[in-house]
Protein chains: 2
Amino acid sequence: MERPTMDDVAQRAGVSRSLVSLVMRESPRVSDSSRAAVQRAARELNYRPNLAARQLASRRTLTVGLIFYDLHNLFFSEVTEGIHAVASASGYRILINNGRQQADVERAALDSMIDLQVDALLLAGTILDDDVVIAAAEQLPVCAISRAIDHPLVDTVCNDNRLGSNLVVDHLAELGHRRICHISGGDGAGSAERREGFVDAMHRHGLEPMIIDGHFTEQAGAQAARDLLNHDDPPTAIYAANDLSALGAMGAIKQAGLSVPEHFSVVGYDNTALASFDYVRMTSVEQQRLHIGEAAMRAVLSRLDTPRRAALNEMVVPELIVRSTTGPARSGPITAR
Amino acid sequence: MERPTMDDVAQRAGVSRSLVSLVMRESPRVSDSSRAAVQRAARELNYRPNLAARQLASRRTLTVGLIFYDLHNLFFSEVTEGIHAVASASGYRILINNGRQQADVERAALDSMIDLQVDALLLAGTILDDDVVIAAAEQLPVCAISRAIDHPLVDTVCNDNRLGSNLVVDHLAELGHRRICHISGGDGAGSAERREGFVDAMHRHGLEPMIIDGHFTEQAGAQAARDLLNHDDPPTAIYAANDLSALGAMGAIKQAGLSVPEHFSVVGYDNTALASFDYVRMTSVEQQRLHIGEAAMRAVLSRLDTPRRAALNEMVVPELIVRSTTGPARSGPITAR
DNA sequence: CTGAAAGCGCTAACAA
DNA sequence: TTGTTAGCGCTTTCAG
């Protein structure tokens with residue numbers, strides 16, 4: 001069964017193909033009667049426009065590509081909701097590709113999107129080289145999410161990671177914590193800023209920053225926590241660079257027969273579903289993911305209108321969500337209950 | 001900056017466009033010297049073939065569409081890995097769309113994919129009407145994942161949900177549990193079979209099945225558990241239809257000051273990251289997600305070769321992963337520690 | 001092994 | 001408001 005084409009519809013409706021085209025694109029300059037006839041014919045034939053042909057002729061796809069750093073990280077799922085909301089309101093569809101945490105896979109995904117001629121590109125936490133991103137931005141609007149890129153053509157939307165770290169340290173200091181350890185996020189998106197914010201905030205409170213190099217993974221958090229447990233003078237609070245890592249730390253603490261927040265306070269970042277489960281109830285920093293997604297989509301839409309405008313670098317204000325994994329600092333050494 | 005076309009490459013390489021086309025499609029019938037010249041010209045111009053044009057002429061995209069029931073469910077992330085592995089080995093790219101748990105969004109995603117002329121469609125846990133799926137299957141190869149559809153054109157890959165439930169009940173019965181409650185998954189993918197498998201297995205053990213209607217969500221699991229806690233004679237074990245729901249139940253139990261597995265054993269389904277976190281260590285049923293993804297992708301590839309072959313309905317054997325949320329049944333009523 | 005020519009299904013001036 | 005006419009960038013016969 002061959003798919004009907006515009007010509008088939010035109011023939012059936014007794015009009016020309018261009019008229020059908022106009023109706024399909026919802027042009028106002030069509031008489032009501034013609035429009036009705038075309039729509040009826042289209043329905044009867046179960047006609048659907050061929051996007052490839054449309055795109056070849058019009059040079060646009062009404063499609064934006066979205067490349068994920070990692071499909072397993074729930075942070076991006078929520079960001080996608082925001083993107084979707086704005087995109088669908090503007091008649092754009094979204095195509096997702098998974099970078100699987102590997103730069104070369106991301107690169108292939110990016111090439112693939114460009115081959116498909118998406119109208120714009122959204123990069124969610126990708127670790128692609130700046131050069132690659134900039135080269136892409138020379139071809140089409142690009143917005144990087146959760147990643148700073150300083151270039152006039154690349155828009156960015158990030159949360160204020162330094163501020164987030166400050167909120168965390170303030171909260172912990174207020175609870176009486178003085179020895180706070182940060183498990184860093186390695187080369188992950190935003191981890192450098194979170195780390196710097198942590199150091200600054202600690203100094204501001206007159207405290208000595210303590211840092212373990214980590215990753216945005218459960219394993220890294222677990223390993224770091226195990227190291228801390230063997231420390232001569234373990235900290236009273238742990239601030240992990242994201243929820244996954246924080247949960248890893250909580251797992252290690254639990255396995256050691258200790259508990260949160262009695263022995264250690266633990267704070268994560270991202271406020272993903274992981275943190276909000278009643279079984280976990282983790283204190284975490286909310287980045288305003290929905291807002292981030294919306295802002296990113298709006299950025300590329302506006303650049304579609306104004307290709308050479310100056311870069312937009314939006315900094316979203318994060319918020320600390322206090323739950324049950326933070327409490328007063330224990331006094332003295334660790335004693336199993 | 002205009003994108004170079006095949007003609008530009010041909011001109012630069014001093015050959016005809018058709019020859020460039022052959023080289024781009026890696027045809028063996030090209031002399032080494034021509035091939036080299038074309039490849040060099042393409043590289044120098046930074047040429048990338050226009051997929052829309054290619055598709056318009058060849059009628060294929062080398063692209064498969066994947067529609068997710070929900071991007072927030074980690075189950076599908078893993079399935080995607082399997083799909084990706086097989087797809088990329090065969091030169092196919094994957095395009096993902098999120099159904100956001102709503103049939104109409106799924107429908108829009110499906111239409112969108114068909115408009116884009118993807119070569120085949122993979123449906124991961126979608127709740128689309130059978131009619132819609134079948135109509136799609138008449139246009140292109142379709143494989144439904146985690147969902148049974150009985151139609152000669154629709155391939156399916158599911159895990160054996162009945163068997164999964166049997167494994168769970170066997171395990172719990174062996175631990176001495178006799179009052180086991182199943183929190184069902186409502187209209188979610190596979191929940192009917194899990195429920196039936198549960199009932200059968202209970203009867204096989206001479207036990208009375210107990211069921212609460214639920215959903216594939218944390219909230220549903222929590223609500224069900226709260227109901228059970230108020231029960232005259234609460235069960236000693238809870239088998240939730242998926243990990244999310246099981247974690248919800250664990251949260252409610254924890255909030256009530258009770259613990260797992262001392263007061264209640266809890267089992268989930270899917271063995272997602274949620275279950276394997278050290279902080280959770282939940283006993284759960286592994287569906288062999290990677291294998292499921294691979295099988296689904298292989299199914300559509302084979303149907304691309306043999307469009308009218310009989311439907312393939314693969315049933316993947318699940319495995320019970322025993323962790324720390326199941327233990328011997330408590331004897332007697334619940335007493336807080 | 002290489003080139004010429006005819007579309008794929010649609011959009012976009014331009015004319016009428 | 002509607003129809004005519006060129007393409008969009010590529011693949012695919014078919015000759016040579």
Side-chain angles (χ1 to χ4, degrees), chain A residues 1-39 41-42 45-63 91 112 114-119 139-140, chain B residues 1-39 41-42 45-63 91 112 114-119 139-140:
Chain A
M1 180 179 101
E2 278 302 299
R3 240 174 109 135
T5 74
M6 219 170 231
D7 281 319
D8 298 328
V9 177
Q11 195 170 6
R12 178 161 195 127
V15 298
S16 79
R17 190 181 56 200
S18 2
L19 193 45
V20 177
S21 175
L22 288 175
V23 172
M24 286 304 149
R25 283 175 288 141
E26 298 177 357
S27 159
R29 335 162 174 282
V30 178
S31 70
D32 290 346
S33 61
S34 305
R35 183 193 318 283
V38 168
Q39 283 170 341
L45 293 173
N46 193 21
Y47 169 77
R48 307 231 74 209
N50 179 328
L51 232 57
R54 169 176 285 186
Q55 152 181 359
L56 197 55
S58 71
R59 277 91 173 285
R60 27 182 274 154
T61 49
L62 287 178
T63 298
S112 177
I114 291 188
D115 291 353
L116 281 166
Q117 320 272 104
V118 295
D119 290 342
Q139 296 195 52
L140 78 177
Chain B
M1 181 180 101
E2 278 303 296
R3 243 175 108 137
T5 75
M6 218 169 228
D7 281 318
D8 298 329
V9 177
Q11 195 172 6
R12 178 162 195 127
V15 299
S16 78
R17 189 179 58 199
S18 356
L19 192 45
V20 177
S21 175
L22 287 173
V23 173
M24 286 303 149
R25 282 175 289 140
E26 297 175 359
S27 160
R29 334 161 174 281
V30 179
S31 69
D32 288 347
S33 61
S34 305
R35 185 195 315 284
V38 168
Q39 283 170 341
L45 293 174
N46 192 22
Y47 168 75
R48 307 232 75 209
N50 180 327
L51 270 186
R54 169 175 284 183
Q55 154 182 355
L56 197 55
S58 71
R59 277 87 172 284
R60 29 183 270 150
T61 49
L62 286 177
T63 300
S112 178
I114 290 187
D115 291 352
L116 280 166
Q117 320 271 105
V118 296
D119 291 342
Q139 296 195 51
L140 78 178

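Here is how names work: the chains are called A, B, and so on, in the same order as the sequence lines, proteins then strands, and each is numbered from 1.
Close to D:dT1, at under 4.0 Å from its OP1 or OP2, lies no side-chain N or O of A:Ser34. Look at B:Arg59 and you'll find a side-chain N or O under 4.0 angstrom from OP1 or OP2 of C:dG9. Residue B:Arg25 has a polar side-chain atom (N or O) positioned under 4.0 Å from OP1 or OP2 of D:dT12. Not one side-chain nitrogen or oxygen of A:Arg3 sits closer than 4.0 Å to the OP1 or OP2 atom of C:dG9. Contact check, B:Ser16 against C:dG3: a side-chain N or O comes under 4.0 Å of OP1 or OP2. Under 4.0 angstrom from either OP1 or OP2 of D:dT11 there lies at least one side-chain N or O belonging to B:Ser21. A sub-4.0 Å separation between OP1 or OP2 of C:dT2 and a side-chain N or O of B:Ser31 is present. In this model, the phosphate group of D:dG9 is not approached by any side-chain N or O of B:Arg54 to a distance below 4.0 Å at OP1 or OP2. Distances shown here put every side-chain N or O of B:Ser58 at or beyond 4.0 Å from the OP1 or OP2 atom of D:dT11.
In this structure, the side chain of A:Arg12 does not engage the main chain of A:Ala41 through any donor-acceptor pair within 3.5 Å. In this structure, B:Arg17 contributes its side chain and B:Met6 its backbone to no donor-acceptor pair below 3.5 Å.
You'll find the side chain of A:Leu56 reaches within 4.5 Å of the side chain of B:Asn50, heavy atoms only. The closest side-chain heavy-atom distance from B:Val118 to B:Leu140 is below 4.5 Å. Annotation: side chain of A:Val38 is in contact with side chain of A:Val15 (closest heavy-atom distance under 4.5 Å).
Take the nearest nucleotide of DNA chain D for B:Met24 and for A:Arg35: the residue whose nucleotide is more 5' is A:Arg35.
If you measure from atom CZ of B:Arg48 to atom P of D:dC10, you get 12 Å, rounded to the nearest angstrom. Remark: C1' of D:dC10 and CZ of B:Arg60 are 14 Å apart, rounded to the nearest angstrom. Distance CG (B:Leu22) to P (C:dA4): 14 Å, rounded to an integer number of Å. Protein atom CG of B:Leu19 is 12 Å distant from nucleotide atom P of D:dT11, rounded to whole Å. Counting to the nearest Å, the P atom of D:dT5 and the CE atom of A:Met6 are 18 Å from each other. Atom CG of B:Leu56 is separated from atom P of D:dG9 by 12 Å (rounded to the nearest Å). Distance A:Gln55 CD to C:dC8 P: 18 Å, rounded to the nearest Å. The CG-P distance, from B:Asp7 to D:dG9, rounds to 9 Å in whole Å.
One N or O donor and one acceptor, one from the side chain of B:Arg17 and one from the base of D:dT11, sit under 3.5 Å apart. One donor-acceptor pair, N or O on each side, does fall under 3.5 Å between the base of C:dA4 and the side chain of B:Ser18.
Inspection of the B:Arg48 and A:Gln139 side chains reveals no N or O donor paired with an N or O acceptor under 3.5 Å.
Side-chain atoms of B:Ala57 lie closest to C:dG7 of the nucleotides C:dC10, C:dG7, C:dT2. Among C:dG9, C:dC10, D:dC10, the nucleotide with an atom closest to any side-chain atom of A:Tyr47 is C:dC10. Distances were taken from every side-chain heavy atom of A:Arg29 (C-beta onward) to each of D:dC10, D:dT1, C:dT11; the shortest belongs to D:dT1.
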